[in-house]
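One structure, pasted below without further comment.
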Amino acid sequence: MNKMSGTFMSRAIALSLENVQQGKGGPFGAVVVKEGQIIGEGANCVTATNDPTAHAEIVAIREACRKLKSFELPDCEIYTSCEPCPMCLGAIYWARPARVYFANSAEEAAKAGFDDAFIYEEIKRPFGERKIPMIRMAQDGALAAFRAWQQQENKIRY
């Protein structure tokens with residue numbers, strides 16, 4: 001890790017600590033960097049905004065995508081104060097950054113009360129055996145949207 005990388009990670013960590021000290025949310029911070037410049041940053045604001053998706057990485061990705069006017073971040077790096085949770089990991093893969101750097105591990109987060117291991121276990125279970133049952137409702141016409149998408153010539157793939 002070079003000096004600049006350390007600076008970006010330091011910013012992510014500072015965001016996480018400031019967030020706790022200011023009572024705004026959980027101990028997580030993240031920044032998105034492109035060409036040596038921070039283009040998005042965020043701290044966990046789940047409880048402050050009543051938004052369960054407002055994790056630091058998601059907030060930072062949303063800001064960076066708005067600034068770039070793009071739904072992908074291929075030439076970017078994400079620096080986050082903690083190993084991403086399953087939701088953030090999904091968002092990161094959809095955003096397609098070049099790489100992700102993280103400080104604290106998932107195990108360290110679990111010791112602090114943020115244990116996401118159960119989500120990985122739930123994903124492996126059959127739909128009906130999950131703690132929140134997932135029930136498929138086959139509906140006439142449900143595939144119509146997929147067919148329309150496949151036939152659309154001017155679609156933007158993602």
Side-chain angles (χ1 to χ4, degrees), residues 1-137 156-158:
M1 185 161 65
N2 64 35
K3 185 177 179 182
M4 286 300 290
S5 296
T7 301
F8 299 135
M9 182 58 76
S10 293
R11 178 63 184 149
I13 293 168
L15 286 166
S16 70
L17 185 56
E18 290 168 15
N19 206 48
V20 173
Q21 291 172 336
Q22 295 172 5
K24 293 182 178 179
F28 304 96
V31 297
V32 178
V33 175
K34 181 173 180 160
E35 298 172 355
Q37 299 293 316
I38 294 175
I39 59 167
E41 62 180 34
N44 178 289
C45 56
V46 168
T47 56
T49 60
N50 296 315
D51 179 354
T53 69
H55 288 200
E57 296 92 335
I58 304 279
V59 173
I61 288 169
R62 286 175 180 162
E63 182 179 327
C65 287
R66 270 193 304 273
K67 283 185 180 173
L68 295 177
K69 294 179 173 52
S70 175
F71 55 84
E72 293 181 335
L73 302 170
D75 299 323
C76 298
E77 298 175 331
I78 298 175
Y79 294 80
T80 179
S81 64
C82 188
E83 183 177 349
C85 74
M87 177 182 66
C88 292
L89 189 61
I92 287 166
Y93 273 94
W94 283 115
R96 297 175 178 90
R99 66 193 49 80
V100 176
Y101 298 95
F102 65 92
N104 293 319
S105 69
E107 293 80 22
E108 291 162 330
K111 289 177 186 173
F114 299 93
D115 191 354
D116 298 321
F118 78 95
I119 297 173
Y120 289 107
E121 292 303 315
E122 285 290 295
I123 291 168
K124 296 176 193 175
R125 296 180 194 273
F127 296 135
E129 294 177 19
R130 294 180 181 171
K131 290 185 177 149
I132 300 174
M134 304 285 161
I135 303 150
R136 181 165 187 206
M137 294 180 59
I156 299 172
R157 296 188 184 276
Y158 59 99

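Note that the structure is a prediction, hence the values are computed from the model and not measured. Keep in mind that the numbers below use all heavy atoms, side chains included, and drop hydrogens, waters and symmetry copies.
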* To do: Nearest 0.5 Å please: distance from the CG atom of Leu15 over to the OG atom of Ser10.
  => 11.0 Å

* Any side chain to side chain donor-acceptor pair (under 3.5 Å) pairs touching residues 29-39, not counting sequence neighbours? -> none

* Mind jotting down which residue pairs meet the ring-ring contact (aromatic ring centres under 6.0 Å, His included) criterion with at least one end in residues 116-136? Sequence neighbours excluded, please. => none

* **Rounded distance [0.5 Å steps], CZ in Phe102 versus OG in Ser81** => 11.5 Å

* **side chain to side chain contact (heavy atoms under 4.5 Å, CB included) partners of Ala103, counting only residues at least two apart** => Met9, Ile13

Using distance only, find each side-chain donor-acceptor pair of residues 56-65 under 3.5 Å and give its atom names and separation, not counting sequence neighbours.
{"residue": "Glu57", "atom": "OE2", "partner": "Thr80", "partner atom": "OG1", "Å": "2.9"}
{"residue": "Arg62", "atom": "NH2", "partner": "Thr53", "partner atom": "OG1", "Å": "3.2"}
{"residue": "Glu63", "atom": "OE2", "partner": "Lys67", "partner atom": "NZ", "Å": "3.2"}

* To do: With rounding to the nearest 0.5 Å, note down the distance linking CG in Asp116 to CG in Leu89.
  => 10.5 Å

* Asked: How far does OG1 of Thr49 sit from CG of Asn44, to the nearest 0.5 angstrom?
  -> 8.5 Å

* Provide the full list of salt bridge (Lys or Arg N to Asp or Glu O under 4.0 Å) pairs with a residue in residues 88-113, sequence neighbours left out, each pair given once. => Glu72-Arg96, Glu77-Arg99

* Asked: What pairs with Arg125 under salt bridge (charged side-chain N to carboxylate O under 4.0 Å, His left out), at least two apart in sequence or on another chain?
  -> Glu122

* If we only count heavy atoms from C-beta on, is the Ile39 to Cys76 side-chain gap below 4.5 Å? -> yes

* Structure fact -> Across all chains, not counting sequence neighbours, the salt bridge (charged side-chain N to carboxylate O under 4.0 Å, His left out) partners of Lys131 are none

* Structure fact -> Residue pairs passing the side chain to side chain donor-acceptor pair (under 3.5 Å) test with at least one member in residues 82-94, sequence neighbours excluded, are none

* Summary of salt bridge (Lys or Arg N to Asp or Glu O under 4.0 Å) pairs that have at least one residue in residues 10-20, sequence neighbours excluded -> Arg11-Glu18, Arg11-Glu41

Contacts under 3.5 angstrom, residues 20-32 side chains, donor-acceptor by atom type, not counting sequence neighbours:
{"residue": "Gln22", "atom": "OE1", "partner": "Lys24", "partner atom": "NZ", "Å": "3.0"}

